[in-house]
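Counting starts at 1 for both ligands and their atoms, in listed order.
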Amino acid sequence: MNLEEVEVLFDREQVMARVKELGQQITQDYQGKNLLVVGILKGAFIFMADLVREIDLPLEIDFMDVSSYGVSTVSSGEVRIIKDLDYSIREKDVLIIEDIVDTGLTLKYIKDILTKRHPRSIRICCLLDKPSRRKADIAPEYVGFVIPDKFIVGYGLDYAEQYRNYPAVCVLKPSVYEK
Ligand code: 5GP
């Protein structure tokens, strides 16, 4: 990790301890259900890989990749599906795994699309939540950490496709993107 560019917010140990707690909670809540874990690419891939190993239940996994329309850095809420799920979610208890909920517009769109496909239930689990920026009426049922409005990289999250491999959840120093 280049500590001139990032500041550690939660180290690997803190993240793993919280992921373990989330896994235990989900294990309790989904006893006897038909759990399908849906990861939103690419940001959620590391969180999801760690989380599913802390869920002690039979489960299936699938992935979806979406992208916002336009080039603006501000989320418009208009989302294009780049990769859809491989299988039907009818009668499944769907748990959407997202890296971070910011305005909530992306997740609102995804949740609305998936709800129309008749799952038995649908919930959201995110690693990070920035509630101060929320625009859409969306409240994740499982949240790793509530954080202030800072730009996060590491543990799957990127800036220009870099930093995803950093093991800690980090704040990207503004000097990097204001250059
Ligand atoms: P929303 O529609 O909730 O505003 O946007 C959610 C998406 O924006 C996330 O899935 C993530 O891809 C991106 N995003 C929002 N905040 C951050 C951040 O602090 N760091 C990174 N790397 N991506 C973010």
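The backbone N or O of Gly154 lies less than 3.5 Å from no partner atom in the side chain of Arg164, so there is not a single donor-acceptor pair. In this structure, Arg18 contributes its side chain and Gln14 its backbone to no donor-acceptor pair below 3.5 Å.
Between Asp56 atom CG and Gln28 atom CD the span is 12.0 Å, to the nearest 0.5 Å.
The distance criterion of under 3.5 Å between nitrogen or oxygen atoms is not met by Val101 with respect to ligand 1.
One finds no salt bridge joining Arg123 and Asp93 here, because no Lys/Arg side-chain nitrogen approaches an Asp/Glu carboxylate oxygen to under 4.0 Å. With respect to the salt-bridge test (charged N to carboxylate O, under 4.0 angstrom), the residues Lys116 and Asp112 do not qualify. Using a 4.0 Å cut-off between charged side-chain N and carboxylate O, Lys111 and Asp137 make no salt bridge. Between Asp84 and Arg117, at least one side-chain nitrogen of the basic residue sits less than 4.0 Å from a carboxylate oxygen of the acidic one, meeting the salt-bridge criterion. Taking 4.0 Å as the cut-off between side-chain N and carboxylate O, Lys92 and Glu60 count as a salt-bridged pair.
Residue contact check: Lys150 has heavy atoms under 4.0 Å from atoms 19 (O) of ligand 1. Taking a cut-off of under 4.0 Å to the non-hydrogen atoms of Leu157, the atoms of ligand 1 that pass are 20 (N), 21 (C), 22 (N). Close approach of ligand 1 to Asp158 (heavy-atom distance below 4.0 Å) involves ligand atoms 21 (C), 22 (N). Atoms of ligand 1 found under 4.0 Å from any heavy atom of Glu98, numbered from 1 in the order shown, are 10 (O). Interface atoms of ligand 1 facing Thr103, defined by a heavy-atom separation under 4.0 Å, are 1 (P), 2 (O), 3 (O), 4 (O).
Under 4.0 angstrom from ligand 1, the non-hydrogen atoms of Lys130 all belong to its side chain. With a 4.0 Å cut-off on non-hydrogen atoms, Leu107 does not touch ligand 1 at all.
Not a single heavy atom of Val153 sits closer than 4.0 Å to an atom of ligand 1. Using a 4.0 Å cutoff on heavy atoms, Arg134 does not count as a contact of ligand 1. Judged by the shortest distance from any of its heavy atoms, Phe151 lies inside the 4.0 Å radius around the atoms of ligand 1. Residue contacts with ligand 1 include Ile100, since one of its heavy atoms falls under 4.0 Å from the ligand. Heavy atoms of Gly43 stay at 4.0 angstrom or farther from ligand 1.
Selection from Leu172, Asp129, Asp102 by nearest heavy atom to atom 15 (C) of ligand 1 gives Asp102.
Note on Leu41: it clusters hydrophobically with Tyr155, by side-chain heavy-atom contacts below 4.5 Å among ILVMFWY residues.
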